[in-house]
Amino acid sequence: MRQTFLPFSRSSIGKQEIAEVVDTLCSDWITTGPKVKCFEREFAEAVDAPAALALSSCTAALHLALVSQGIGPGDSVITTPMTFCATVHAIEQAGARPILVDVEPGTLNLDAALVSDVVRDLVRSQEGKSLKAILPVHLYGHPCEMAPLVEIARRHRLAIIEDAAHALLASYHGRPIGSQLACASVPLLTCFSFYATKSLTTGEGGMLTGLPETIEEARLWSLHGMSQHAWNRYSEEGSWRYEVVRPGFKYNMTDLQAAIGIHQLAKQTCLQARRAEIARQYNAAFSELDCFQIPSNFEHVDHAWHIYALRLWPERLAISRDQFVKELAARNIASSVHFIPVHLHPYYRDKYGYKPDDFPVAHREYQRLISLPIFPGMNDQDVDDVIAAVAGIAGKYAQNGNAVSASPLPARTGRRARVHLVPSTAGEIGAAARRAFDVTCAAVGLLILSPVFALVAAAIKWDDGGPVFYKQMRVGREFRLFRLFKFRSMIAASPASTPIAGPGDPRVTRVGRFLRDHKLDELPQLINVLRGDMQLVGARPQLERYVQVFPDEYRALLQDRPGITDLASLEFRNEEQMFGPGSLDEQYLTQILPAKLHLALKYRRARTFLSDLGILFRTVLGFKSPSMD
Ligand SMILES: *Cc1c(COP(=O)(O)O)cnc(C)c1O
């Protein structure tokens, strides 16, 4: 066990920051001056923002963003309960009403589908006119699904104010958070935090980014509403005369803070890379253990990894989250919880009469969240110590994983249909027999196919020398993530912008082409069957981002393990050829996946052991199994 206590976070302030602060102290400017200007310019460049305004905090940035958009008493703003209180406070401070909308179970970010429902209901009840903005939080540094939110905002003429306190250097579809995300039709303002624990710190501080005219309006509000900037009031060319045109705030950043910020910004890319590396090591270690759900990380985003929030599976551990925190502390590891949902705090609970289950996902997930230390100053030993401590506690308190029938499925709001999960006794016996059959087949299959495995491995190595297997996180039974195995058929460092291969995809290697044509790339999933992640016949496991689009369908399908093959896989075996020109993702989501899900649900209701056997035979004889996922 570690001898010294590992703190939850530690800032990375170096000699350059210290020297710059001393330089500032010795200069004529200590408050808002040339260093703030420089910091604003460099920050805007770093996140590709049209303009930036340095402020005293992110809370100030949020408040200013709302006020400068004209949002005040009588207005309302949609936001998430899964955030730090400052997000919602800013709305209250502006005199507006926060409307909380639950989060989606994967990223714990604002659920765009629910936002859409809430907006529709508001518009119907004539309260739509009071709604002025959506305030999403890029929780932990994982960007929200912005496209549908932007579309809702465009349709209803709402502003979007992003709480990017965690999301410095995060990006969405290749666009940095803080840039305009190519949504010219919607006012978009982004708020960053430089609080002591944040990735970039100035002790206290914040930044607001947006279009130049938006930022200039906010700038007016940020410093007493004075029409001329204070810092040239006292300079040679400045004048003593100024006009007050707004009842403004005192939210300006000082040159002392900017002096730190300039150097913190210069090394953010390095610091960020270290955070991502620690997250990678955590993910690799914790996804091997049954007691945990690792954080979501979609392929179309770059995660800033400000916070590493692991989730415990309560039915697989004999101790609670709170006890887990204590056990870690006893092993000299600090941890935390992000966040206590806003609606549970007395002020909001009492003012709006919230019940814990008004936001069921936020409430349920909160109870199993635990944030582990992730800061750039951690060395490899520190990371290993955290992994060893977490694994040690898991080993000590692990429980038999069969007691999962009571496990929480990601239920949405009460308005949606829920699926009942009580299995009959006959169903249980059937399931046990099926599992025994699957395990036997997979074991025998692996044994018989071992020469094929050896040949394929040799061919891949001969082709380009890269890794033999390709592993990817997929959503399994009861929405647990697991690692799916395939033979690698694409070039090793292929950009993962889309996981879907269209006709003639240049990422597919020579050997990969052969493997894919004969569906041999899927064979390693027999290992997934043995490990209990999958069954032989069942709906194909998907990436989390696809599962999210069809929550109701997957709530039914993922009561079972996902499968290697099924009816939909056979029907769509030539899927690669079904794509036309244009976005593969979009075609997959709007045409192919809905049809597959329809088939899968139909088959699930009618399936028998014999029909499964039929599918297995058709798959093996035609070497035809699912092509894609
Ligand atoms: C830290 C934080 C804030 C507040 O930032 P300050 O700079 O301390 O005002 C707001 N929102 C979230 C999500 C945060 O984590």
Output field: ring centroids [X]/[Y] closer than 6.0 Å:
| X | Y | result |
| --- | --- | --- |
| Phe485 | Tyr470 | no |
| Tyr140 | His338 | no |
| His173 | His300 | yes |
| Phe437 | Phe609 | yes |
| Phe286 | Tyr282 | yes |

Shortest non-hydrogen separation from [X] to [Y] and the atoms involved:
| X | Y | answer |
| --- | --- | --- |
| Glu145 | Phe298 | OE1-CD1, 4.2 Å |
| Asp612 | Arg434 | OD2-NE, 3.6 Å |
| Asn109 | His142 | ND2-O, 2.8 Å |
| Phe550 | Leu589 | CZ-O, 3.5 Å |
| Met534 | Ile564 | CE-N, 3.8 Å |

Looking at [Y] and [X], is there a salt bridge between them, counting it only when a charged N and a carboxylate O are closer than 4.0 Å?
| X | Y | value |
| --- | --- | --- |
| Arg120 | Asp117 | yes |
| Arg561 | Asp533 | no |
| Glu522 | Arg540 | yes |
| Lys596 | Asp566 | no |
| Lys602 | Glu553 | no |
| Glu544 | Arg474 | no |
| Asp48 | Arg175 | yes |

### Query
Any side-chain donor paired with an acceptor under 3.5 Å for Arg483 and Ser287?
yes

If you measure only the distance, is there a donor-acceptor pair under 3.5 Å linking the side chains of Glu277 and Gln272? no

Can you check whether [X] reaches [Y] side chain to side chain, under 4.5 Å on heavy atoms?
| X | Y | answer |
| --- | --- | --- |
| Val118 | Ile99 | yes |
| Glu104 | Val361 | no |
| Asp302 | Tyr172 | no |
| Thr190 | Ile177 | yes |
| Gln525 | Val529 | no |
| Val115 | Val101 | yes |

For the [atom1] atom of [X] and the [atom2] atom of [Y], what is their distance to the nearest 0.5 Å?
| X | Y | atom1 | atom2 | result |
| --- | --- | --- | --- | --- |
| Thr608 | Leu613 | OG1 | CG | 8.5 Å |
| Tyr603 | Leu570 | OH | CG | 9.5 Å |
| Gln542 | Leu557 | CD | CG | 10.5 Å |
| Gln293 | Phe479 | CD | CZ | 10.5 Å |

### Query
Given the rule in the ring pair (Phe, Tyr, Trp, His ring centres under 6.0 Å) test, do Tyr546 and Tyr588 qualify, once you have shown the distances and angles that lead to the verdict?
CA-CA 9 Å; Tyr546 294 138; Tyr588 188 64; 5.2 Å; yes

Exactly one candidate in Leu100, Ile134, Thr83 meets side-chain contact (heavy atoms from CB on, under 4.5 Å) with Leu110; the answer is Ile134

_Could you walk me through whether Asp560 and Arg477 satisfy the salt bridge (Lys or Arg N to Asp or Glu O under 4.0 Å) test, starting with their C-alpha distance in whole Å, then the side-chain angles of each, then the deciding distance to 0.1 Å, before giving a yes or no?_
CA-CA 6 Å; Asp560 306 330; Arg477 182 154 75 137; over 6 Å; no

| For Pro524, does its backbone N or O pair with a side-chain atom of Lys486 as donor and acceptor, under 3.5 Å? | no

>> Please check: side-chain N/O of Arg311 versus main-chain N/O of Arg368, any donor-acceptor pairing under 3.5 Å?
In response: no

Test salt bridge (Lys or Arg N to Asp or Glu O under 4.0 Å) on Arg513 and Asp517; report intermediate values, then the result. CA-CA 6 Å; Arg513 181 80 273 152; Asp517 287 347; 3.5 Å; yes

Test side-chain hydrogen bond (donor to acceptor under 3.5 Å, both in side chains), reference Arg488, set Asp463, Asp464, Thr509, output is Asp464

Open item on the list: Go through it in stages, so that I can follow the logic: the residues are Phe487 and Phe453, the test is ring pair (Phe, Tyr, Trp, His ring centres under 6.0 Å), and I'd like the CA-CA distance, side-chain angles, deciding distance and then a yes or no.
Closed with: CA-CA 9 Å; Phe487 283 125; Phe453 270 62; 5.1 Å; yes

